[in-house]
There are 2 protein chains.
Amino acid sequence: MARKDRAAGALRASVTMDDIARLAKVSKPTVSRAFQNSPLVKPQTRQRILEIARQQGYAVNQNASKLRAKRTNSIAVVMHLPAQAPVGAGAPFMFQLLGDVSQGLWIRGQDVLLCAPVSDDVYAYQDLLLSKRADGIIFLGQGAGDGWLRDLGRTDVPFVVWGGVRDAPAYCTVGSDNQRGGVLAGRRFESLGRRDILFLGNTSHLEMRQRRDGLAQGLGEAGSDARIEDLELADFTFETALDAMGRRLARGERMDAIFAGSDTIAMAAITALRAAGLRTPQDVSVIGYNDMPLAAHFEPPLTTIRQDTRHAGTLLVEKLFQLIDGGRPVSTKLPTELIVRAT
Amino acid sequence: MARKDRAAGALRASVTMDDIARLAKVSKPTVSRAFQNSPLVKPQTRQRILEIARQQGYAVNQNASKLRAKRTNSIAVVMHLPAQAPVGAGAPFMFQLLGDVSQGLWIRGQDVLLCAPVSDDVYAYQDLLLSKRADGIIFLGQGAGDGWLRDLGRTDVPFVVWGGVRDAPAYCTVGSDNQRGGVLAGRRFESLGRRDILFLGNTSHLEMRQRRDGLAQGLGEAGSDARIEDLELADFTFETALDAMGRRLARGERMDAIFAGSDTIAMAAITALRAAGLRTPQDVSVIGYNDMPLAAHFEPPLTTIRQDTRHAGTLLVEKLFQLIDGGRPVSTKLPTELIVRAT
DNA sequence: TTGTACGCGTTATCAT
DNA sequence: ATGATAACGCGTACAA
């Protein structure tokens, strides 16, 4: 009832800690301690203070608190959101990852500051810390070329990255074992006797390049003479992939296997093949990446590389806090698995 | 070069405005004005101040700024993220919407505070404002039952909502014209002579209920004697829908048309029908909702209701700021269109 | 267990 | 066009 009244009422003009202290007949620091669950304050006193605060519709001013305590308790999450551009291939996966990461952050009582990768300028990200808006940064995706991330790694900005893990990472990364994923695809094609392989993606993205490198390795292991060609995609949307594949096929170029950088791209490829009168997998074998939920129910069900991302979010958050606490967390490659379905 | 040095170097222990003022041989307020692009400060002075700030790796402490200025320049965006739960039906759409909204916010120089709908407790959201963490709230989705939103509407918390628009909205809403979408589906089934309609969704969600109500209306317009049954889904994932449909079909229950609450649900329904030996659209006609990118390329291509969401994000942001500035923005229903494909 | 005194880094007000 | 001064609301030493 009391709550309902307050909820329905107007927000008073800035009730402060002083007001609560006065009403509770204690001093301001005691109120402060009560709100921090300090063991120093007698439970009874605490109760009374909190009750009065509720009645007054009071909440601790976080800006004052952050200013004083010199901690923001917020983490910036930087990712490419589907804005004006159509939503791309990794989108469902990235959305899931955002959810996991946020969850991990909320559990630790951190605010999540959502940011777009405005520029590759190191300064823009340093600014997040300098202006005391966040205590650390989580990058979801490296974008094309991670040179700026390597630069950022040389500063003392605490940050972790979801993306391709380098052999000697200049910054803490969590990502799928893309190379191994590629190897699995390569071996599969090899065992199917495929010779003319098309890689569908964009090798300026580290993750994609690693997948492609793995593909070459997996094919080469058996001393195969298979050829790999690349079709570089400007973005990773269904439409772009469909269009690029359609034009390639119209030019009469053929292949007997496709390794796609994502499931969405793989679906687009199969759609383009069908439009050109080519059958999957009889004429062209196709492997995707991610094992997105719809992959299993696509027609035909998609053969793909599954990455074990259950703990990716948690890992990223844990490592970031290790970093903030002065630790030196290591990068992690998540295991990868070939899911053979119909393509 | 100077930038590179700074970027590579350590963050000095809290450079403050005082330091910059001293180095630039001006007073603190002048530095403050310089950073606010105040016309009061001579361009030349401004240049010098900013240059020195760069060199020193200085950025205005936002917490101090917010405390003093009593504005946070941040907006909370509250949405259900795909966390532990599998990613649901509306997910791609919601992700897109999040992107649009964030974009609109960033353009206005607002920080985006990402929040989960922790509870339906009005107080939790009031707290965001009381604790000065945000100036307003954007809710992406109403959840099951919007009573708490109606309560919140009685407070002076500035907020807007994406979701179902009521006839006499108790709060500012932007959403698809769900009722009309349902009518279009109903008329379509009517013209196809379908009689046993299944609605696949969850009517405790306002948007879904409006779609279902529209369906009934569209069917009834021609004096049809069609029957509508409901299959209530616990969540809107592909798997859940597939499972629920599978069990219903196993029980021998039949229908000759399905109106699904989303495209993902529609795809699951078609998959379940196929598994039961039923053909779409010969045996069962199916209509989805959203016209998600993959809908056109599903096999068979999905007939669906498209909502014009291009400006949804912009609209939400605009209306929220009208609210913050003391205005009374009206709710908006976005037009809706039947896209006839193969189902 | 609680209170006193001070400063966190900024911006607003007023004066010059 | 710029400077002096006083808050903004809180948390932390330190004292009691």
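First the proteins, then the strands, lettered A, B, ... as listed; each starts at 1. In this text the structure is predicted, and so the values were computed from the model without any measurement.
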**Item:** side-chain hydrogen bond (donor to acceptor under 3.5 Å, both in side chains) between A:Lys319 and A:Thr332, intermediate numbers included
**Value:** CA-CA 10 Å; A:Lys319 287 175 195 296; A:Thr332 302; 2.9 Å; yes
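Between B:Trp148 and B:Tyr123, the distance separating the two ring centers is not shorter than 6.0 angstrom. The distance between the ring centers of B:Tyr171 and B:Phe139 does not fall below 6.0 angstrom.
Judged by atom type and distance alone, A:Arg71 does not reach the base of D:dG11 through any side-chain donor-acceptor pair under 3.5 Å. The base of C:dA12 is not paired with the side chain of B:Arg68 by any donor and acceptor separated by under 3.5 Å.
In this structure, of C:dG9, D:dT5, D:dT2, it is C:dG9 that holds the atom nearest to the side chain of B:Leu67. For B:Arg33, whose side chain is taken as the heavy atoms from C-beta onward, the closest listed nucleotide among C:dT10, D:dG3, C:dT1 is D:dG3. Listed candidates were D:dG11, D:dT2, C:dT2. Nearest to the side chain of A:Ser27 is C:dT2. Checking D:dT5, D:dT2, C:dA5 against every side-chain atom of B:Thr45, the shortest atom distance belongs to D:dT2.
Applying the side chain to side chain contact (heavy atoms under 4.5 Å, CB included) test to B:Thr30 and every residue at least two apart in sequence or in another chain returns B:Val26, B:Ser27, B:Arg33, B:Val41, B:Thr45, B:Ile49.
Contact between the side-chain N/O atoms of A:Ser32 and the OP1/OP2 oxygens of D:dT12 is not found at any separation under 4.0 Å. For C:dC8, the OP1/OP2 oxygens have no side-chain nitrogen or oxygen of B:Thr16 closer than 4.0 Å. Checking the phosphate oxygens (OP1, OP2) of D:dG3, a side-chain nitrogen or oxygen of B:Thr30 falls inside 4.0 Å.
Following rounding to the nearest Å, A:Lys66 (NZ) and C:dT10 (P) show an atom-to-atom distance of 16 Å. What separates CG of A:Asp19 from C1' of D:dC8 is a distance of 14 Å, to the nearest Å. With rounding to whole Å, B:Arg133 atom CZ is found 18 Å from D:dG9 atom P. Rounded to whole Å, the distance from NZ on B:Lys28 to P on C:dT11 is 10 Å. Atom P of nucleotide D:dT12 and atom CE of A:Met17 are separated by 10 Å, given to the nearest angstrom. Protein atom CG of B:Asn63 is 10 Å distant from nucleotide atom P of C:dT10, rounded to whole Å. As rounded to whole Å, 15 Å separates atom P of C:dT2 from atom CD of A:Gln36. One atom, CG of A:Asn61, and another, P of D:dA7, lie 18 Å apart when rounded to the nearest Å.
Of the possible donor and acceptor atoms, none in the side chain of B:Gln142 sits under 3.5 Å from a partner among the backbone N and O of B:Val161.
As judged by a 4.0 angstrom heavy-atom cut-off over every strand, B:Lys70 is placed among residues touching the sugar-phosphate backbone only.
Position along DNA chain D of the nearest nucleotide to B:Ala69 versus B:Lys42 favours B:Lys42 as the more 5'-ward residue.
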